[in-house]
Amino acid sequence: MSGNSDFFSDVYDVVRLIPTGRVCSYGAIANYLGSKRSSRMVGWAMNASHKFDDIPAHRVVNRNGMLTGKHHFQQPNLMQELLEKEGIAIREDIVVDFNILFWDPLVEL
DNA sequence: AGCATGACGAACA
DNA sequence: GTGTTCGCCATGC
């Protein structure tokens with residue numbers, strides 16, 4: 001990997017475009033990039049996003065709105081705090097009104 | 001080369 | 001509506 005693979009860069013690019021107070025899913029990003037079946041690779045890309053400080057990874061959850069990646073943050077509760085700070089309510093590690101706050105790059109972009 | 005794992009998702013029972 | 005299984009694709013052992 002010479003610096004960044006195009007796939008990773010594309011993932012970060014999309015994540016950066018997620019508006020404040022909105023959330024997106026791994027599958028939606030993968031679908032937007034043309035690889036609907038590569039949602040796991042999106043998660044893998046996010047795992048490497050810790051090296052960058054401009055990736056709002058907390059706005060990416062799974063298709064159920066669950067904060068599956070919370071344990072990968074500096075602090076397990078950081079993800080929830082960041083979301084609540086943006087006005088997003090979290091209950092039992094799940095985004096309340098996920099269907100309303102969901103931001104689909106296929107539609108919005 | 002084969003097997004296990006993972007920040008997922010869809011299909012199936 | 002809940003629990004289980006399979007498919008994807010890259011990484012690590």
Side-chain angles (χ1 to χ4, degrees):
Chain A
M1 46 183 184
S2 41
N4 302 340
S5 295
D6 289 329
F7 183 78
F8 275 45
S9 296
D10 288 340
V11 171
Y12 299 147
D13 191 34
V14 176
V15 175
R16 271 189 282 257
L17 293 175
I18 301 174
T20 302
R22 302 291 295 280
V23 293
C24 190
S25 69
Y26 305 94
I29 294 172
N31 193 11
Y32 174 75
L33 296 179
S35 301
K36 189 173 72 174
R37 311 274 201 268
S38 301
S39 52
R40 287 193 156 163
M41 295 306 99
V42 175
W44 194 261
M46 300 310 296
N47 188 24
S49 70
H50 65 90
K51 296 181 298 187
F52 309 93
D53 51 355
D54 60 336
I55 309 295
H58 59 281
R59 295 179 189 150
V60 184
V61 297
N62 72 353
R63 89 160 203 85
N64 294 313
M66 189 163 92
L67 283 55
T68 51
K70 60 179 293 184
H71 286 292
H72 292 265
F73 282 75
Q74 299 175 316
Q75 299 178 64
N77 56 316
L78 179 60
M79 186 175 187
Q80 178 171 339
E81 290 179 3
L82 289 173
L83 290 172
E84 291 177 334
K85 195 175 180 182
E86 297 182 357
I88 299 177
I90 308 297
R91 173 141 181 161
E92 300 294 315
D93 290 345
I94 297 177
V95 176
V96 180
D97 297 329
F98 169 72
N99 52 4
I100 299 174
L101 299 175
F102 179 68
W103 181 83
D104 189 349
L106 284 174
V107 177
E108 307 291 345
L109 251 42

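- Atoms CD1 (A:Ile55) and C1' (B:dA7) sit 14 Å apart, rounded to a whole Å.
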Return a table of donor-acceptor pairs under 3.5 angstrom between the side chains of residues 18-28 of chain A and protein atoms on other chains or two or more places apart.
residue: A:Thr20; atom: OG1; partner: A:Arg59; partner atom: NH2; Å: 3.2
residue: A:Arg22; atom: NE; partner: A:Leu101; partner atom: O; Å: 2.9
residue: A:Arg22; atom: NH2; partner: A:Phe102; partner atom: O; Å: 3.0
residue: A:Ser25; atom: OG; partner: A:Ala28; partner atom: N; Å: 3.1
residue: A:Tyr26; atom: OH; partner: A:Val60; partner atom: O; Å: 3.4

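- When atom types are taken as modelled, the side chain of A:Tyr12 and the backbone of A:Ala45 share a donor-acceptor pair closer than 3.5 angstrom.
- Atom CZ of A:Phe73 and atom P of B:dA7 are 12 Å apart (whole Å).
- Look at CG on A:Asp104: it is 12 Å from P on B:dG9, rounded to the nearest Å.
- Each of A:Val61, A:Val96, A:Leu67 was checked for a side chain to side chain contact (heavy atoms under 4.5 Å, CB included) with A:Ile90, and the lone residue meeting it is A:Leu67.
- The CE-C1' distance, from A:Met46 to B:dA7, rounds to 8 Å in whole Å.
- Among the protein residues, A:Asn47 comes within range of the nucleic acid bases, having at least one heavy atom under 4.0 Å from a base atom.
- Counting all heavy atoms, side chain and backbone alike, A:Asn62 lies closest to A:Phe98 at O-CZ, 3.8 Å.
- No engagement by A:Ser35 is indicated, since no non-hydrogen atom pair under 4.0 Å with the nucleic acid exists.
- Under the 4.5 Å side-chain criterion, counting only non-hydrogen atoms from C-beta, A:His58 is in contact with A:Glu86.
- Contact of the A:Leu17 side chain with the A:Glu108 side chain is not registered, since no non-hydrogen atoms from C-beta on lie closer than 4.5 Å.
- Among residues at least two apart or in separate chains, salt bridge (charged side-chain N to carboxylate O under 4.0 Å, His left out) pairs with a member in residues 63-72 of chain A are A:Lys70-A:Asp93.
- When the P atom is compared between C:dC6 and B:dC3, the two are found 15 Å apart, to the nearest whole Å.
- Between A:Arg63 atom CZ and B:dA10 atom C1' the separation is 8 Å, expressed in whole Å.
- Atom-to-atom, CG of A:Leu83 to C1' of B:dA7 comes out at 13 Å; the value is rounded to the nearest Å.
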N/O contacts under 3.5 Å, protein versus nucleotides 8-10 of chain C?
residue: C:dC8; atom: N3; partner: A:Arg40; partner atom: NH1; Å: 2.9
residue: C:dC8; atom: N4; partner: A:Arg40; partner atom: NH1; Å: 3.2

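- As rounded to whole Å, 8 Å separates atom P of B:dG9 from atom OH of A:Tyr26.
- One can place CE of A:Met66 at 10 Å from C1' of B:dA7, the figure rounded to the nearest angstrom.
- Residue contacts for A:Ala57: at a heavy-atom cut-off of 4.0 Å it reaches a base atom on one of the strands shown.
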